[in-house]
There are 2 protein chains.
Amino acid sequence: MARKIGSHSDITGPKVRAAALRLFARHGFASVTMRQIASEVGVQAGALYLYTPDKQTLLFDLLREHMQEVLDGLAAEDFSGNPVERLETFTRFHIRFHLERRDAVFISYMELRNLTDENFAVLEDMRRTYEDALESILKDGQASGHFDVEDTKLTTLALISMLNGVTTWYKPDGRLSLERVEAIYSDMAGKAVRMARWKRKQMLGAAGQAKA
Amino acid sequence: MARKIGSHSDITGPKVRAAALRLFARHGFASVTMRQIASEVGVQAGALYLYTPDKQTLLFDLLREHMQEVLDGLAAEDFSGNPVERLETFTRFHIRFHLERRDAVFISYMELRNLTDENFAVLEDMRRTYEDALESILKDGQASGHFDVEDTKLTTLALISMLNGVTTWYKPDGRLSLERVEAIYSDMAGKAVRMARWKRKQMLGAAGQAKA
DNA sequence: GCTTGAAATGAACGTGTGTTCATATAGCGT
DNA sequence: ACGCTATATGAACACACGTTCATTTCAAGC
């Protein structure tokens with residue numbers, strides 16, 4: 001038997017990637033065998049090599065594809081407004097987008113060490129681009145007096161860690177709706193970096209006195 | 001050859017665990033072979049089975065030992081004081097303790113899925129105990145009006161995620177000292193949950209009016 | 001309807017895996 | 001001084017891995 005009805009490259013290819021993504025996320029790249037992936041797709045192991053040169057490249061392609069989607073998704077957001085609004089846009093986007101792609105996110109933070117140095121560098125670059133988007137919001141907010149942040153780089157990483165944590169426990173049918181989770185996280189992120197009112201007044205006051 | 005000078009169970013046993021911990025953290029449980037561990041210890045693979053019944057148990061023992069140390073360490077901290085102070089104690093302890101044991105922490109959050117259900121349940125229980133310690137601080141702070149938290153459970157997880165993030169980037173010889181990192185994270189955690197001054201005043205005001 | 005080639009098979013490959021075990025030896029208790 | 005046993009060896013086991021490839025089969029183009 002070969003070439004079953006309705007099974008073309010266009011159909012099997014995505015199926016392979018989907019199965020690999022699911023299995024890598026559940027059991028870890030190293031623990032998943034090509035035969036497992038093939039079985040999930042409904043095909044023999046050999047056939048996978050029509051769609052990927054090897055296992056490592058399969059992982060890399062999944063991760064690169066994911067990071068590209070993240071970057072594209074971020075670029076599609078509306079980042080007008082002041083830093084406070086932009087931070088909310090970012091955090092809400094991050095939560096929403098990452099919850100929709102939990103498997104890919106999980107792998108992205110877990111399996112980087114299973115990549116060759118070359119492939120790792122590519123993804124590292126993309127991740128840095130994403131982080132820089134957040135850091136620039138923090139920097140702007142620091143300059144405008146909206147935020148009170150000691151170290152923008154560290155804060156960026158801390159915020160992203162916090163936001164990523166959501167993927168480890170969120171269940172779509174759980175106690176909290178997506179909207180509510182978005183709101184709570186966004187609120188926490190905002191409070192963690194925002195300048196306190198009294199402190200801002202104090203600064204403005206000092207500036208006023210200096211002028212006078 | 002066997003029984004080399006100075007190589008007893010008391011020496012080789014810890015060496016095995018140390019090597020396994022290091023390698024699991026670097027390359028992932030599934031990717032590390034018993035022969036690699038043995039080689040690191042300076043012993044043949046077969047000898048490892050004098051110290052562990054199998055590879056899975058070796059991982060489990062490492063993780064259980066780690067979690068026990070975390071719980072013991074937490075219990076040794078001084079948690080007197082108001083919720084704000086207790087939260088700072090907790091965050092500083094967490095950062096410090098986890099940075100000293102980065103390998104174990106990494107594995108704890110990465111390799112849980114490589115455990116049997118039974119072993120997983122044991123660790124899950126210990127982790128929950130740890131999380132509960134933080135949540136009870138948040139609850140107390142909520143009750144006392146120190147904190148402004150929508151959902152203590154979610155906030156607990158968000159804070160721990162944020163704090164754990166430090167292990168992924170911190171380098172002991174890096175730009176920031178441990179003390180400074182502790183301070184920044186502790187500060188961010190505090191701000192993320194603390195009740196704003198104006199809001200507290202407003203509440204007190206409302207309470208005063210209600211009384212009057 | 002026949003030809004053609006893309007899509008899939010399934011067996012085979014070499015290698016490496018976790019684990020076992022008969023065997024050897026070094027150091028402690030006596 | 002010597003035997004006993006804890007500690008280690010190293011070869012072997014059965015199995016599973018990623019990957020290759022000659023072969024087969026089916027859908028589409030003419």
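Everything numeric here is computed off the predicted structure, so don't read it as measured data. Letters A, B, ... are given to chains in the order of the sequence lines, protein chains preceding strands, and every chain is numbered from 1.
Distance CZ (B:Arg35) to P (D:dA12): 13 Å, rounded to an integer number of Å. Between the CG atom of B:Leu48 and the C1' atom of C:dC21 there is a distance of 15 Å, given to the nearest Å. A straight line from CZ of B:Phe29 to C1' of C:dG18 spans 10 Å, rounded to a whole angstrom. The separation between B:Asp10 atom CG and D:dT7 atom P is 8 Å, rounded to whole Å. Atom NZ of B:Lys55 and atom P of D:dC15 are 19 Å apart (whole Å). Summarising the geometry, the separation between CD on B:Gln44 and C1' on C:dA22 is reported as 16 Å, rounded to the nearest angstrom. One atom, CG of A:Asp54, and another, P of D:dT19, lie 5 Å apart when rounded to the nearest Å. The NZ atom of B:Lys15 sits 13 Å away from the C1' atom of D:dT7 (whole-angstrom rounding).
Of the candidate nucleotides C:dT9, D:dT19, D:dG10, D:dT19 has the atom lying nearest to any side-chain atom of A:Ala45. Comparing atom distances between the A:Tyr49 side chain and each of D:dT20, D:dA8, C:dT19 picks out D:dT20 as nearest. Between C:dT19, C:dA8, D:dG18, one nucleotide has an atom nearer to the side chain of A:Met34 than all others, and that is D:dG18.
In this structure, the side chains of B:Leu63 and B:Ile107 come closer than 4.5 Å at one or more pairs of heavy atoms.
Taking the six-membered ring for Trp and the full ring otherwise, B:His94 and B:Tyr130 have centroids separated by under 6.0 Å.
Between C:dA7 and A:Thr12, no contact under 4.0 Å exists linking OP1 or OP2 to a side-chain N or O. Contact between the side-chain N/O atoms of A:Tyr51 and the OP1/OP2 oxygens of C:dA7 is not found at any separation under 4.0 Å. For C:dG16, the OP1/OP2 oxygens have no side-chain nitrogen or oxygen of B:Thr33 closer than 4.0 Å.
In this structure, A:Val32 reaches the sugar-phosphate backbone alone: every heavy-atom distance under 4.0 Å involves primed, P, OP1 or OP2 atoms, never a base.
Between B:Glu131 and B:Lys153, at least one side-chain N (NZ, or NE/NH1/NH2) sits under 4.0 Å from a carboxylate O, which counts as a salt bridge. Between A:Asp61 and A:Arg64 there is a salt bridge, since at least one side-chain N of the basic residue sits less than 4.0 Å from a carboxylate O of the acidic one.
A cation-pi geometry, defined here as NZ or CZ lying under 6.0 Å from the six-membered ring centre and within 45° of its normal, does not hold between B:Lys55 and B:Phe24.
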